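Notes for the one structure printed next.
This structure is a prediction, so every number in the text was calculated from the model and none was measured.
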Amino acid sequence: MKKQFELDKAYDPAKYEGRIYKQWEQSGAFQPSSNPKAPAYTILMPPPNANDDLHLGHTLSTTIEDILIRYARMNGKAALFLPGSDHAGFETQVVFERKLNAKGKSRFDFSREELYRQIWDYVQANKSSMEDQQRHIGASADWTRETFTLDPHVIRRAYETFQKLYDDGLLYRGQRIVNYCTFHGTSFSDLEVTYQEDAGHLWHLRYPVEGSEEAIEVATTRPETMLGDTAVAVHPDDDHYQHLVGRMVRLPITNRLIPVVADTAVDPAFGTGAVKVTPAHDPTDFEIGERHNLPHIQIIGTDGKITVEAPAEFRGQTVAAARAAVVKALETADALIKTEDYTHSVGHCYKCGTVIEPLVIDQWLVRMKPLAADAMRAIEDGQVRIVPESKTRVLATWLENIRDWNISRQIVWGIRIPAFFSEDGDIVIDIHEQSDTLIRHGKTYRRDSDTFDTWFSSGQWPLATLKFPSPDSQRFYPTSVMETGADIIFFWVARMIMLGLYVTGEVPFRTVYLHGLVLDPHGKKMSKSKGNVIAPQPLIEKYGADAMRLGLIANRTAGMNQGFEEKRVEGYRNFCNKLWNVARFTLAQLPDDYSPTRPEPKTPADAWMLARVNDTVREVTKAIDDYRFSEAGQLIYSLLWDDFADWYIEASKVEQNPNILYHTLSTILTILHPMAPFVTEAIWEAMPAKDGQLIAAPWPQAVKPSSELLRHAAEFDALKAVVQAVRTITAEEQLAKPTILTTDTTLAKSSELITRLARAAELKHAEQGSGLYLSTTTPAWIAATPEQVGARKHRLEQQRAEKQAYLESLAARLANEAYVKSAPAQVVQDTRDRREETLMLLSKLNEQLAALEH
RNA sequence: GGGCAAUUAGCUCAGCUGGUUAGAGCGCACGGUUCACAUCCGUGAGGUCACAGGUUCGAGUCCUGUAUUGCCCACCA
C-alpha cells in the first residue's frame, strides 16, 4: 500500500503555525536543556514597550534573536531566550495621557495611585497582545521566565544598585540644571532632547556700568531671562573689558547690581564678547555660576511661567508673553540697542516638541566617569565584541565624553525612587520601606515623589531578568548576544555594560549585534506622525511567519538601515511553497516502508547533490557563526531551488536514489529551520522515520568530501553545463550543424546520462550537440557561435600569455635555480587551482629571490 | 564644528582575510497547458563597481584626495 501524504497542493501557513507553536511550547522545547554539561547560550529579548503594538523593527529583532537561539539549541547548547516587556515609563505615560485627553480628561484629574492603577491595567492588556504577536513570529522564548520591568525583583534590582551607587559615592543629589519639558512636567537626560534650527532674534542689551559713563553691550536670544541675570561675563584675556572685571553693572528693569566676571567659557570673538549670565536658566551660565559662586534666581517655574522672583509686573506670564513684555520694558528703559533676526539651534522635547526649559531642580545624578572608564577598558580588551565593528568606536567616543546622568523623572508611571527627605534637607535611602513617610530619630522624612528614568532599571536588564545573584545568573550570566537596534546603543547598550560591570564585575554580554532600522519602502524612517508605519501582523497573515522572517533578514546587513520591501516577503512565500512542493515530490517517491539508510551516490548527479549539500552546510554554518544571516538564507535558497529542485529532482524523474532525495530534503529542512521554523517543522512531521521535533534535532556537520566524490560530482557539473547549453540553442541553423568541441574525456563517458537528461527536457537533438565549446580553464561550458568561440579562445590565450610573460621574467632573474625554471610551465598547466598554485609559487619565488639577494 | 557610514544592474541590496568570466531578489524581454509547484518552468538583456590618483603580478575589495547622500554627537550668548 502506498503511504498516504496529506500535504496540500500549496503550503497554507495559517493551517500549521498556531498548532506547531503550541506543540513546541507544550513540549518544553523553549526551556533550556537541564543537562549540566550543555554550555549555556543566552539571549535576552530587548523588552518591547508594553504600550503599543509591535512594529517591523521588533519583528526583525525577534527574528534575528530566534535564529541565533534555534541555531544554538540545535548545536546542543542550553539555549535560553528570555522574553520580557518594558513599562517604558515616560513613553507609556505620554501614550496614556493622550488617551485621557481624547476623553476630555488629564492626569491632574486623578490621584497618583489612581493614575498608576489605570496605566497598569492599560499596560497589562497591551502586554498580552504583544506577547501573542511575538508568538506569531515564532519566538522560541522561555515564557516561564518572562519578565516585566515592574516585576518586584526588577524593582529590587534597581533599588539595590541605587543603594550601592549611593554608598560608593557615585550618586549625588544635585542642584543641577536639567532639561525640563514644561508640557510633560518632567526632566530629561541629554539624550532625550532634540535640537533643531529655529528662526529667532538676537537682542542687544545695554547694561550700564555702575559709577561710570560706560555701558556693556550683551546679546541674547532670550531677553526674558535677564530678569534672572546675576553677572556679566567676559573672557579673561579680552583687552576690551580688562578694566571692567570686578566692577558692577546695573541690571535694567530690576535695578539690581551684578558683577562683571572673567570666564574662559566666553568666546571673545562672538558678538560683543560679553555675555549676560543667568545661572538658573542656561547650562553654560550655570557652570559659570558655579565657578564664580553666583546666586541662582529662578524666574521661570516648572509650569513654564514667570515666578515670584521676578518683578511683579511679569509674574504668572508665560515665557513667550514675558519675552514681549520684557523687550518692551527694556525699550522704555532705553536698554535695548537693537534687534536682529537670528537662526539658532533650540532644544525641544523629543516627544511633544515643546521648547526645553533649562531649570535648576534637585535631581539624582550618577557620576558616570568611573563607570565609563571600566566599560571602556572592557571594550578595549575585547570582552565585548560589537557587530558591526564600526560601532565600537562610536560607543567608545561617547563613553569618553560621558556626562553625569540625571536619573530622576517627575512622572508617576515608573519605579519610585527609594529616597526620603526631611524638612531640613536630610536624606535617607531606604530600599525596604514601602510607605511614603519614614520616621527616623524623631524626624519625619517624606518619600521622593520622582520615579527612575526607565533606562536606569532597563540598564540592569541582564541582572534583573536573571535575578542576580541566583542559580540562573550563575549559569546564564554573562549572556551570549545582545541583539538590539543600533539607535539605542547609548541609551541602553552602554548603560547595561556600565551597570553590569559595576554590579557584578563582569560584562553583561559577549557580543552586541546591532541591527539597523527598518525603513519604509521609500527609505524614510517609519513613524506614527508620518503615518508610514507598516504593521507586521497583516503581512504575517498574508504570507506566513516564515516568509516574513526570511523577507526581513534577506538583503540586510548589521547596523545598516534599510527599506522594507513587501515583494521580498512575497518572494519568500513562494520559496516556502517551493520547499513544500519539493517535499511533496520527495515523499511521494519514497517506497511504502521506507527507512533511511546511509546515502550512497550511484550516479554523478547523486555525488553532485551530496557535495552541494555538504558545501552548503559548511557555508551556512560559517555564515550564521559570523552573523551573516542574509547570506545564510541565500545559500539555502539557492541549494533548494537552483540545485535540488531545478537539477536533482529533474534528474530524479529519469533515475532516482531515494536515500539521496531523503537526505537532501532532511538536511535542507534542518539548516533552514532557524530561519523558517514553521514550514520546516510542518514538513518534518510528514517525513517517515522522524520521531522528535525538528526544533530539537541536531545541526548537521559538514564533512571533508572525498576526492572520489568531488570528481564524480564534477562530471555532473559538466553535464549540467551541456544541458544548459543545449537549451539555449533554438535557432534552426545552429541545429543543422551539430558539433561538440571538447577536450574533456569525462563528457564522453557520461554521454548516456546527457541523453537522458536532455530527453527529460524534451531536447531531442541534444545527443548531437551543437556549436558547443568546453573551456579547459574553467568548469563552465558555453554555447556560442564560432565567432564567439574564437574571441573567447583569443582572450584566454592573451591572459595566459600575460601571466606566462610575468612568470618568465621572474624566472629569468633566477636562471640558475632548477625549480624555478620549471615553474612557469606548471602554472599555466594547472588550470583548476590556478589561484592557490600561483600564490604558492609566488611565495616560493619570493623566498628564493630574497635568499639569492643576500 | 567633530565623527561614522554609504555610493556596485532599472529598483532594493550582497560581495568575509585583494585572486578564475562581479552576484541575488524584484522588475523587464522572449518562449512554455513537462503528471511536486503558474506561489510554476526555460532562455535572455542589463554593470567603464561615484570620480581622480596611488600600492600590487593582480583592486569592487587596500591607501590618499574629491564629490554626493544619509546618520550620530557637540556647540551656538
Side-chain angles (χ1 to χ4, degrees), chain A residues 7 9-11 190-191 195 197 202-203 218-222 225 233 265-267 270-278 282-285 342-346 388 390-391 393-394 397-398 401 486-487 489-490 516-517 521 523 525 543 547 551 554-557 559-565 567-568 570-589 622-623 626 628 630-631 633-634 637-638 645-646 649-650 653 724 727-730 760-762 775 777-780 782 792 795-796 799 802-803 805-807 809-810 831-836 838-839 842:
Chain A
L7 298 186
K9 202 167 176 188
Y11 172 58
D190 293 339
L191 291 171
Y195 287 87
E197 291 290 315
L202 194 59
W203 285 271
V218 296
T220 178
T221 55
R222 303 196 56 192
T225 61
V266 180
D267 175 6
F270 186 94
T272 59
V275 296
K276 58 190 273 311
V277 181
T278 322
D282 182 276
T284 312
D285 293 3
Y342 189 68
T343 300
H344 62 133
S345 146
V346 178
S390 61
K391 300 280 180 193
R393 224 190 143 58
V394 177
T397 310
W398 187 77
N401 302 313
D487 53 336
I489 183 167
F490 305 136
L517 295 175
K525 194 170 167 170
Y543 299 109
N555 238 8
R556 220 167 258 284
T557 40
M560 299 281 292
N561 297 346
Q562 221 214 296
F564 174 77
E565 287 177 285
K567 273 281 181 195
R568 217 171 272 281
E570 190 186 327
Y572 279 101
R573 188 268 317 262
N574 299 351
F575 171 74
C576 291
N577 191 55
K578 188 75 182 178
L579 176 64
W580 185 259
N581 277 290
V582 162
R584 284 177 71 213
F585 176 86
T586 299
L587 296 181
Q589 305 309 306
K622 177 119 187 7
D626 293 347
R628 289 179 282 121
S630 172
E631 222 173 306
Q634 211 169 82
Y637 185 102
S638 176
D646 289 351
I649 283 187
E650 290 308 318
K653 289 172 181 172
Q724 216 158 347
R727 276 175 185 158
T728 65
I729 299 157
T730 51
E762 284 188 31
S775 160
T777 57
T778 75
I782 20 173
R792 173 78 196 133
R795 227 169 105 198
L796 283 168
Q799 281 176 5
E802 279 169 24
K803 181 125 275 173
Y806 161 68
L807 288 169
S809 76
L810 251 181
T831 53
R832 262 173 214 275
D833 298 321
R834 194 161 73 189
R835 181 192 158 213
E836 285 74 12
T838 308
L839 288 174
L842 280 174

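With sequence neighbours left out, the side chain to side chain contact (heavy atoms under 4.5 Å, CB included) criterion links D487(A) to L517(A). Contacts of V346(A) classified as side chain to side chain contact (heavy atoms under 4.5 Å, CB included), with partners at least two apart in sequence or in another chain: D198(A), H344(A), H348(A), V355(A). Not a single side-chain hydrogen bond (donor to acceptor under 3.5 Å, both in side chains) links Y637(A) to another residue, sequence neighbours left out. For E565(A), the side-chain hydrogen bond (donor to acceptor under 3.5 Å, both in side chains) partners two or more places apart in sequence, or in a different chain, are R568(A). For the ring pair (Phe, Tyr, Trp, His ring centres under 6.0 Å) test, no residue two or more places apart in sequence or in another chain qualifies with F564(A). Under the rule for a salt bridge (charged side-chain N to carboxylate O under 4.0 Å, His left out), D267(A) has no partner lying at least two apart in sequence or in another chain. Partners of A547(A) under the side chain to side chain contact (heavy atoms under 4.5 Å, CB included) rule, at least two apart in sequence or in another chain, are Y543(A), V569(A), Y572(A), R573(A). By the side-chain hydrogen bond (donor to acceptor under 3.5 Å, both in side chains) test, K9(A) is found to be paired with no residue, residues two or more places apart in sequence or in another chain being considered. Residues meeting the side-chain hydrogen bond (donor to acceptor under 3.5 Å, both in side chains) test with T586(A), sequence neighbours left out: none.
Residues K276(A) and T225(A) share a closest heavy-atom pair of NZ-OG1, 2.7 Å.
Summarising the geometry, the separation between CZ on R556(A) and C1' on G15(B) is reported as 18 Å, rounded to the nearest angstrom. In this structure, the CG atom of N577(A) is 10 Å from the P atom of C41(B), given to the nearest Å. When the P atom of A6(B) is taken as reference, atom CE of M560(A) falls 6 Å away, rounded to whole Å. Between the CZ atom of R628(A) and the C1' atom of G15(B) there is a distance of 10 Å, rounded to whole Å.
T557(A) comes within contact range of the sugar-phosphate backbone alone, with a heavy-atom separation under 4.0 Å but no base atom that close. Using a 4.0 Å heavy-atom criterion, one finds that V277(A) contacts no nucleic acid atom at all. Across all strands shown, D267(A) has heavy atoms under 4.0 Å from base atoms, whether or not it also approaches the sugar-phosphate.
The shortest distance between the side-chain N/O atoms of K391(A) and the OP1/OP2 oxygens of G3(B) is not below 4.0 Å. For C37(B), neither phosphate oxygen OP1 nor OP2 lies less than 4.0 angstrom from any side-chain nitrogen or oxygen of K578(A).
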- Task: Take nucleotides 70-75 of chain B nucleotide by nucleotide from the 5' end and write B, S or -, depending on whether a protein heavy atom sits under 4.0 Å from the base, only from the sugar-phosphate, or from neither.
- Result: --SS-B
- Using a cut-off of 4.0 Å between protein heavy atoms and nucleotide atoms, how would you tag nucleotides 24-33 of chain B 5' to 3' with B, S and -? SBSS------
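Ring orientation note: the planes of F270(A) and Y342(A) are nearly perpendicular, at an angle over 60° on the 30°/60° scale.
Listed nucleotides: C40(B), A14(B), U39(B). Nearest to the side chain of R573(A): U39(B).
With pairs defined as Watson-Crick or G-U wobble and both atom distances under 3.5 Å, the stems of at least three pairs that touch RNA chain B come out as B:1-7 with B:67-73, B:10-13 with B:23-26, B:28-32 with B:40-44, B:50-54 with B:62-66.
Side-chain atoms of Q562(A) and base atoms of A14(B) include no donor and acceptor less than 3.5 Å apart.
Both K622(A) and G563(A) lie near RNA chain B, and the one whose nearest nucleotide falls closer to the 5' end is G563(A).
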